[in-house]
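What follows is a single structure, written as structure tokens, with notes after it.
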Amino acid sequence: MEEKLDEEEKRKLTGMIRAWSQELGFVDVGIVPAIQLTAERSLLEEWLRRDFHAGMEWMARDPAKRTDPSHLLPGAKSVIVVLENYFTPHAHSASVDEANISRYAWGDDYHEVVGDKLKRLLERIISHLPEVNGKVCVDTSPMMDKAWAVRAGLGWIGKHTNLITREFGSWVFIGEIIVDVELDFDIAPEKDRCGTCTACIDACPTGAIVEPYVVDSNRCISYGTIEHRGPHLPEKIEKNLSGWIYGCDICQDVCPWNRFEKPTDEARFEPRKGETSIALDAVLDLEPQSFAERFKGSAARRAKLEGWKRNAETLKRHRINR
């Protein structure tokens with residue numbers, strides 16, 4: 001978009017974006033300049049230098065693209081950052097024959113749920129201002145989602161490296177729309193409210209939080225059970241799965257800020273088939289077709305059938321699941 005909005009037009013459009021975001025079910029929205037994330041890039045490069053990204057090689061590709069929105073949308077001026085609450089008040093099974101699934105993967109794939117809402121939000125923006133260009137980002141784009149949420153004043157990064165909000169704890173998904181129009185910006189970032197608390201660090205069974213605000217993926221149960229593609233889990237993870245077959249929520253479960261968790265209004269995040277845990281034998285019986293059918297439209301497909309079976313076999317082998 002070549003023309004600039006005057007101050008009154010900016011205020012009006014920004015107010016409309018906030019109202020539309022609320023109508024679509026987002027629990028918070030912040031809008032910030034689409035600038036390069038210089039300090040955040042330095043932290044990312046240091047994390048990569050220490051090989052804490054493990055087998056996630058895509059994290060090391062083109063840090064400039066990951067930290068500069070103009071690489072995703074030429075002429076980028078603003079980043080609209082939204083939060084989606086995904087907490088549903090259910091518990092995991094206590095059975096030793098079942099294993100836990102991370103809360104974020106209980107319902108429908110958040111990429112599709114949040115992405116659909118963001119596309120609708122962008123459509124409303126374009127209907128009001130046809131000459132604007134925009135790019136929707138939901139995790140799969142090389143955007144530093146948590147860094148943008150902090151910049152937008154929506155929360156702070158906890159010592160477990162997840163975003164924490166005062167209103168909803170850490171059970172939130174993050175999404176963005178990059179637009180090539182300048183809007184009214186939020187300039188009051190939330191301060192770090194973790195204080196001296198080390199609950200997440202103390203609770204991690206693999207010691208993956210190697211220091212406050214730094215996670216070594218090589219030790220992380222979520223990385224191991226979802227992203228690791230080897231036939232065997234890393235030894236530190238294999239011996240300390242603590243009943244998790246897909247992902248891990250321990251560091252969030254113990255966070256004092258999650259006492260503010262609230263049930264989501266988004267029905268699509270309710271557990272599919274009522275499952276928050278899954279029987280190990282049921283996983284081992286899966287075939288390619290039944291796996292595709294069972295996890296169609298779920299983020300849990302990420303680990304692939306081979307990963308699910310590897311994780312189930314590991315849990316059965318050690319038997320001490322919890």
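- Counting heavy atoms from C-beta outward, I31 and V79 have side chains that stay 4.5 Å or more apart.
- Taking a 6.0 Å sphere around CD of Q289, one finds it holds 12 or fewer heavy atoms contributed by other residues, nucleotides or ligands.
- Distance check, rounded to the nearest 0.5 Å: NE2 of H228 to OG of S222 gives 14.5 Å.
- Side-chain contact between W148 and M143 is present, with heavy atoms from C-beta onward closer than 4.5 Å.
- Counting only N and O atoms by type, the side chains of H90 and E270 include a donor and acceptor under 3.5 Å apart.
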Q.
For I101 and T276: C-alpha separation, side-chain torsions, deciding distance, then whether side-chain contact (heavy atoms from CB on, under 4.5 Å) applies.
A. CA-CA 6 Å; I101 301 170; T276 60; over 6 Å; no

Q. After noting the C-alpha distance and the side-chain angles of K239 and E235, does the key distance pass the salt bridge (charged side-chain N to carboxylate O under 4.0 Å, His left out) rule?
A. CA-CA 6 Å; K239 294 182 178 179; E235 183 178 2; 2.9 Å; yes

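- Counting heavy atoms from C-beta outward, L121 and K117 have side chains that stay 4.5 Å or more apart.
- Side-chain atoms of Q252 and H160 include no donor-acceptor pair closer than 3.5 Å.
- No donor-acceptor pair under 3.5 Å is formed between the side chain of R66 and the backbone N or O of R61.
- Environment of NZ in K65: sparse, with no more than 12 heavy atoms of neighbouring residues, nucleotides or ligands closer than 6.0 Å.
- Within the 3.5 Å criterion, the main-chain N or O of G195 finds a donor-acceptor partner in the side chain of K159.
- Under 4.0 Å is where a charged nitrogen must lie from a carboxylate oxygen, and between R310 and E313 no such pair does.
- Using a cut-off of 4.0 Å between Lys/Arg side-chain N and Asp/Glu carboxylate O, E211 and R50 are scored as salt-bridged.
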Q: Could you check D28 against T165 for side chain to side chain donor-acceptor pair (under 3.5 Å), going step by step and ending with a plain yes or no?
A: CA-CA 10 Å; D28 208 350; T165 73; over 6 Å; no

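- Qualifying side-chain contact (heavy atoms from CB on, under 4.5 Å) partners for E40, counting only residues two or more places apart in sequence or in other chains: L37, M144, A147, R151.
- To the nearest 0.5 Å, atom NZ of residue K135 and atom CG of residue L73 are 8.5 Å apart.
- Using a cut-off of 4.0 Å between Lys/Arg side-chain N and Asp/Glu carboxylate O, E23 and R124 are scored as salt-bridged.
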Q) Going through the distances and angles, do L183 and L13 end up as a side-chain contact (heavy atoms from CB on, under 4.5 Å)? A) CA-CA 7 Å; L183 301 167; L13 179 55; 3.6 Å; yes

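- Of the listed residues (R11, R18, K12, M16), just one forms a side-chain contact (heavy atoms from CB on, under 4.5 Å) with T14, and that residue is R18.
- In this structure, K77 and P33 have side chains that are not in contact, with every pair of non-hydrogen atoms separated by 4.5 Å or more.
- Looking only at side-chain heavy atoms (C-beta outward), L286 and R294 come within less than 4.5 Å of each other.
- For the residue pair S298 and D108, no side-chain donor N or O sits within less than 3.5 Å of a side-chain acceptor on the partner.
- Under a 3.5 Å cut-off, the side chain of R193 and the backbone N or O of E190 do not form any donor-acceptor pair.
- Evaluation of the side-chain contact (heavy atoms from CB on, under 4.5 Å) rule for L48 yields L44, H53, M59, A60 as partners, not counting sequence neighbours.
- The two residues L315 and A99 make their nearest non-hydrogen contact at CD1-CB, 3.5 Å.
- Remark: N133 pairs with D180 by the side-chain hydrogen bond (donor to acceptor under 3.5 Å, both in side chains) rule, at least two apart or across chains.
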Q: Evaluate the side chain to side chain donor-acceptor pair (under 3.5 Å) criterion for residues D109 and Y104: first the C-alpha distance (whole Å), next the side-chain angles of each, then the deciding distance (0.1 Å), finally the verdict.
A: CA-CA 9 Å; D109 190 339; Y104 89 89; over 6 Å; no

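- A salt bridge links E238 with R317; the closest basic N to acidic carboxylate O contact falls under 4.0 Å.
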Q: List the steps and the verdict of side-chain contact (heavy atoms from CB on, under 4.5 Å) for C137 and L72.
A: CA-CA 9 Å; C137 304; L72 294 174; 4.2 Å; yes

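- Using a 4.5 Å cut-off on side-chain heavy atoms (C-beta onward), R49 and E45 make no contact.
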Q) Is there a side-chain contact (heavy atoms from CB on, under 4.5 Å) between N100 and I278 once you walk through the steps? A) CA-CA 7 Å; N100 297 340; I278 190 168; over 6 Å; no

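- Side-chain atoms of V215 and Y223, non-hydrogen and from C-beta on, never get closer than 4.5 Å to each other.
- Exactly one of C220, C200, C204, S170 qualifies for a side-chain contact (heavy atoms from CB on, under 4.5 Å) with C251. That residue is C200.
- S102 places no side-chain N or O within 3.5 Å of a backbone atom of D249 that could act as its donor or acceptor partner.
- At distances below 3.5 Å, at least one donor-acceptor pair connects side-chain atoms of S290 with backbone N or O atoms of E287.
- Proximity of a side-chain donor or acceptor of S70 to a complementary backbone N or O of G75 within less than 3.5 Å is not detected.
- More than 12 heavy atoms of other residues, nucleotides or ligands sit less than 6.0 Å from atom CG of D202.
- Cluster note: W156 groups with I164, W257, F260 through ILVMFWY side-chain heavy atoms spaced under 4.5 Å, whether in direct contact or through intervening members.
- Looking at N85, its side chain never comes within 3.5 Å of a backbone N or O of V172 through a donor-acceptor pair.
- Look at E227 and R302 and you find a salt bridge, because one of the NZ, NE, NH1 or NH2 atoms lies within 4.0 Å of a carboxylate O, short of that distance.
- Evaluated for a side-chain contact (heavy atoms from CB on, under 4.5 Å) with V136, the options V114, L118, I178, I80 yield exactly one hit, L118.
- Under a 3.5 Å cut-off, the side chain of S93 and the backbone N or O of S277 do not form any donor-acceptor pair.
- Aromatic rings of Y246 and W308 (six-membered ring for Trp) have centroids within the 6.0 Å cut-off, being under it.
- The line from CG of N240 to NE2 of H318 is 9.0 Å long, rounded to the nearest 0.5 Å.
- Electrostatic pairing of D6 and K10 does not count as a salt bridge here, judged by no charged N lying under 4.0 Å from a carboxylate O.
- In terms of modelled atom types and a separation under 3.5 Å, the side chain of S21 and the main chain of V29 share no donor-acceptor contact.
- In this structure, the separation between OG1 on T264 and CZ on F269 is 6.0 Å, given to the nearest 0.5 Å.
- Note: T206 OG1 to I237 CD1 = 6.0 Å, rounded to the nearest 0.5 Å.
- You'll find the side chain of V113 reaches within 4.5 Å of the side chain of E266, heavy atoms only.
- K316 and D281 are joined by a salt bridge, as a carboxylate oxygen and a charged side-chain nitrogen come within less than 4.0 angstrom of each other.
- Listed by first and then second residue, the ring-ring contact (aromatic ring centres under 6.0 Å, His included) pairs involving residues 23-42 amount to none (not counting sequence neighbours).
- A donor-acceptor contact shorter than 3.5 Å is absent between the side chain of D116 and the backbone of E112.
- Taking A312 as the reference, I245, L280, V283, L284 meet the side-chain contact (heavy atoms from CB on, under 4.5 Å) condition, with sequence neighbours excluded.
- Atom NZ of K309 has more than 12 neighbouring heavy atoms from other residues, nucleotides or ligands inside a 6.0 Å radius.
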